[in-house]
**Student:** 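To start, I am sharing the structure in question, which I have written as structure tokens.
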There are 2 protein chains.
Amino acid sequence: MLVVEDEPAIRELIAVNLRHAGYAVACAHSAEEAETILNGALPDLVVLDWMLPGQAGDAFARKLRSQPRTRDLSIIFVTARVEERDKLVGLESGADDYLTKPFSPKELTARIKAVLRRRAPQLTDDVVRIGGLELNPATRRVTGDRKPLDLGPTEFRMLHFLMSHPERVYNRTQLLDEVWGDHVFLEERTVDVHIRRLRMALSATGHDELIETVRGTGYRFRRG
Amino acid sequence: MLVVEDEPAIRELIAVNLRHAGYAVACAHSAEEAETILNGALPDLVVLDWMLPGQAGDAFARKLRSQPRTRDLSIIFVTARVEERDKLVGLESGADDYLTKPFSPKELTARIKAVLRRRAPQLTDDVVRIGGLELNPATRRVTGDRKPLDLGPTEFRMLHFLMSHPERVYNRTQLLDEVWGDHVFLEERTVDVHIRRLRMALSATGHDELIETVRGTGYRFRRG
DNA sequence: GAGCCGTGTCACGGTCCTGTAACACTGGAC
DNA sequence: GTCCAGTGTTACAGGACCGTGACACGGCTC
């Protein structure tokens, strides 16, 4: 997650809230600094101020869209202008969404979730194979070393999600959002129990150690 | 791929990204120009702006659907309106999907891929043979181990569909769409009852266990 | 009209799943 | 070593989910 915003107060406000929501955040106060960062690692999403010193935000967005490496980045505009015209121009530069100041942290994270969900994390019907496990969403079958595994609906969804994002650590809130849906209202410890049930099922073929606990953070599905 | 959009900026944004995704793209700024192009070559898919000058986009879509030559084109609507009502009308005019501005290039290509992939193979008249069962669509006869089975119309269509996609799990909504037709308005539990009737009929030759219940998901036709 | 067949819906009961609380345990800070 | 937050484990009540039988309705034949 990259936040590009010249106003320090707003930049920190956004960053703090994103971190709290479980995202890794980098900040930049100008388009130039943002470019430097982007030359290193690519984020999943860019929160971009409409009004940037020197170079306007939408010009920067067009630039991102014009380069192959950054073409597919999700972009959310933050703007103080509410006029329709500005929104339209924002759309023309290929933003995924926009926020009008003032906005609440809740709205920010909600929109980010919406944008991210709209695009990537849609679990597909493709077969996932990792570490001796094979999960087939279309037939809803899971095999560990050719032996079939019996999973409940929730266990299956969780394993599907984890296997689709190996090595990556998810906290309990994120798992609730991804596996149960983000409108649910459940205890975080519920995740623990389902992790256990999933591990139990996987242990039938000796694959129970594929799900790793990251103390203080959450869980991770290991490669091999 | 044909892009029909009157706003030059958005049109180019879409076209550039589609070309980058590997599609051949033609552009039109109005419905009239689009018709001229369609008189020449037929694309696989049309990206159509909801608001077109002169003729509304959905009117154009209806026109496409009404002509045999363009009836089967996939259509994706692009609209700035987010209201549910508009979405509904968009789908009623036969759109395969719609995009709400703002959207990102990645989202656009993802949806296009989804629509193209969704064009599932229709049920053919070929004889289907699986697990001792033989279903002949042309004669509308089903035999289990050479013994004839007596099925009602709905049971037959459902068995035909399930046997044509063995191992794959379908939920009740999908089965309603595939067996009854896209836009029926029936209780999902109705599927259960017909599954039962089908199982009863199949049990006459001992093949009732071929239809498997996948709890929390739907039903599956087992191989062998 | 009566009778039959195919169909959609409902209600009941059993089974399995699931969320939660309570308790046991672990790892790390000090 | 002690202590504590964080996690593993277990048990259980409630509920979701599905199979099943019954019933009403419409179309059809006679």
Side-chain angles (χ1 to χ4, degrees), chain A residues 22 140 142 148-162 169-204 207-222, chain B residues 140-142 148-162 169-204 207-222:
Chain A
R140 215 190 157 287
V142 183
L149 287 176
D150 190 31
L151 300 181
T154 307
E155 288 151 34
F156 184 87
R157 286 200 310 274
M158 183 143 81
L159 182 61
H160 189 195
F161 175 73
L162 289 175
V169 181
Y170 292 95
N171 63 35
R172 292 171 176 73
T173 305
Q174 291 173 314
L175 286 174
L176 282 176
D177 284 352
E178 297 287 350
V179 179
W180 279 260
D182 27 42
H183 51 279
V184 297
F185 173 66
L186 295 177
E187 295 293 324
E188 298 212 328
R189 291 303 307 280
T190 300
V191 175
D192 298 35
V193 179
H194 279 273
I195 287 283
R196 159 156 171 79
R197 287 168 182 160
L198 185 49
R199 278 173 174 159
M200 289 258 63
L202 294 183
S203 73
H207 289 89
D208 51 315
E209 294 186 358
L210 281 176
I211 300 178
E212 200 174 353
T213 302
V214 182
R215 198 180 169 84
T217 308
Y219 297 94
R220 159 170 53 202
F221 192 91
R222 296 204 316 214
Chain B
R140 217 196 150 284
R141 287 221 163 86
V142 182
L149 287 176
D150 186 32
L151 299 182
T154 307
E155 289 152 32
F156 183 85
R157 287 199 309 275
M158 182 142 80
L159 183 60
H160 188 195
F161 176 73
L162 289 175
V169 178
Y170 292 96
N171 62 37
R172 292 170 176 73
T173 305
Q174 291 174 314
L175 287 174
L176 282 176
D177 283 352
E178 297 287 351
V179 178
W180 278 261
D182 262 334
H183 299 303
V184 293
F185 176 65
L186 294 177
E187 293 295 323
E188 298 212 328
R189 291 303 305 277
T190 300
V191 175
D192 298 35
V193 179
H194 281 271
I195 286 282
R196 160 158 171 77
R197 286 167 183 161
L198 184 50
R199 277 173 175 160
M200 291 293 302
L202 293 183
S203 73
H207 288 90
D208 52 315
E209 294 186 358
L210 281 176
I211 300 178
E212 202 174 352
T213 302
V214 182
R215 195 180 170 86
T217 309
Y219 296 96
R220 160 170 55 203
F221 192 90
R222 295 206 315 214

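Below, chain A is the first sequence line, B the second, and so on; all start at residue 1.
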**Student:** So, OP1 or OP2 of D:dG19: does either fall under 4.0 Å of a side-chain N or O from B:Tyr219?
**Tutor:**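 Yes, B:Tyr219 has a side-chain N/O under 4.0 Å of OP1/OP2 on D:dG19.
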**Student:** Measuring from atom CD1 of A:Ile195 to atom CD of A:Glu155, what distance do you get when rounded to the nearest 0.5 angstrom?
**Tutor:**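 Here the interatomic distance stands at 10.5 Å.
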**Student:** Could you encode protein contacts along nucleotides 13-18 of chain C as a string, one character per nucleotide from 5' to 3', using B for base contact, S for sugar-phosphate-only contact and - for no contact, with a heavy-atom cut-off of under 4.0 Å?
**Tutor:** --BBSB
**Student:** Nearest whole Å is fine: how far is D:dG8 C1' from A:Asp208 CG?
**Tutor:**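 These atoms are roughly 13 Å apart.
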**Student:** With respect to the phosphate group of C:dA22, does any side-chain polar atom (N or O) of A:Arg189 fall under 4.0 Å of OP1 or OP2?
**Tutor:**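 Result: no.
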**Student:** Counting any heavy atom closer than 4.0 Å, what does B:Phe156 reach on the DNA or RNA strands: base, sugar-phosphate only, or nothing?
**Tutor:**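 The answer is nothing, as B:Phe156 stays clear of every strand by at least 4.0 Å.
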**Student:** Over how many whole Å does the gap from A:Ile211 atom CD1 to D:dG8 atom C1' extend?
**Tutor:**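 Value for this atom pair: 14 Å.
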**Student:** Can you list everything that forms a side chain to side chain donor-acceptor pair (under 3.5 Å) with A:Arg189? Sequence neighbours excluded, please.
**Tutor:**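 Applying side chain to side chain donor-acceptor pair (under 3.5 Å) to A:Arg189 gives A:Asp192.
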**Student:** Check side chain to side chain donor-acceptor pair (under 3.5 Å) between B:Arg157 and all other residues, then give those that pass, not counting sequence neighbours.
**Tutor:**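 Applying side chain to side chain donor-acceptor pair (under 3.5 Å) to B:Arg157 gives none.
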**Student:** So, using side chain to side chain contact (heavy atoms under 4.5 Å, CB included) as the criterion, who are the partners of A:Val214 when residues are at least two apart?
**Tutor:**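 A:Val169, A:Thr217, A:Arg220.
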**Student:** Could you work out, with ring-ring contact (aromatic ring centres under 6.0 Å, His included) as the rule, every residue matching B:Tyr170, not counting sequence neighbours?
**Tutor:**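 Scan of B:Tyr170 (ring-ring contact (aromatic ring centres under 6.0 Å, His included), adjacent residues dropped) gives B:Phe161, B:His165.
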**Student:** For A:Val193 and for A:Gly218, find the nucleotide of DNA chain D with the closest heavy atom, then tell me which residue's nucleotide is more 5'.
**Tutor:**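 Nearest-nucleotide comparison on DNA chain D picks A:Gly218.
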**Student:** Atom CG of B:Leu198 to atom P of C:dT7: distance rounded to whole Å?
**Tutor:**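 After rounding, the gap between these two atoms is 12 Å.
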**Student:** Would you say CD of B:Glu212 has more than 12 non-hydrogen atoms from neighbouring residues, nucleotides or ligands within 6.0 angstrom?
**Tutor:**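 More than 12 heavy atoms, drawn from other residues, nucleotides or ligands, come within 6.0 Å of this atom.
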**Student:** Could you tell me which residues satisfy side chain to side chain donor-acceptor pair (under 3.5 Å) with A:Arg199, sequence neighbours excluded, listed by chain and number?
**Tutor:**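 Expected list: A:Thr213.
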**Student:** Of all residues at least two apart in sequence or in a different chain, which pass the ring-ring contact (aromatic ring centres under 6.0 Å, His included) check with B:His194?
**Tutor:**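 B:His194: ring-ring contact (aromatic ring centres under 6.0 Å, His included) contacts with B:Trp180.
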**Student:** Which is true for A:Val184 with a 4.0 Å heavy-atom rule: it touches a base, it touches only sugar-phosphate, or it touches nothing?
**Tutor:**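 Nothing, no heavy atom under 4.0 Å.
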**Student:** Would you kindly give the CZ-to-P distance between B:Arg196 and D:dC23, to the nearest whole Å?
**Tutor:**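 Distance, rounded to whole Å: 15 Å.
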**Student:** Report all interatomic pairs (protein N or O, nucleotide N or O of nucleotides 24-30 of chain D) with separations under 3.5 Å.
**Tutor:**
none

**Student:** Phosphate oxygens OP1/OP2 of D:dG19: is one of them under 4.0 Å from a side-chain N or O of B:Arg199?
**Tutor:**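 The answer is yes; a side-chain N or O of B:Arg199 sits under 4.0 Å from OP1 or OP2.
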**Student:** Tell me the interatomic distance from B:Met200, atom CE, to D:dG21, atom C1', rounded to whole angstroms.
**Tutor:**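 Distance check: B:Met200 CE to D:dG21 C1' gives 11 Å.
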**Student:** Whole angstrom is fine here: how far is it from CD in B:Glu187 over to P in C:dC10?
**Tutor:**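 After rounding, the gap between these two atoms is 5 Å.
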**Student:** Quickly work out the A:Glu188 CD to D:dA5 P distance and round it to whole Å.
**Tutor:**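 So the CD-P distance, A:Glu188 to D:dA5, works out to 17 Å.
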**Student:** Which residues pass the side chain to side chain donor-acceptor pair (under 3.5 Å) test with B:Thr154, sequence neighbours left out?
**Tutor:**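 Here no residue qualifies.
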**Student:** From CZ of B:Arg172 over to P of D:dC17, roughly how many Å is that when rounded to an integer?
**Tutor:**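 Computing the B:Arg172:CZ to D:dC17:P distance gives 9 Å.
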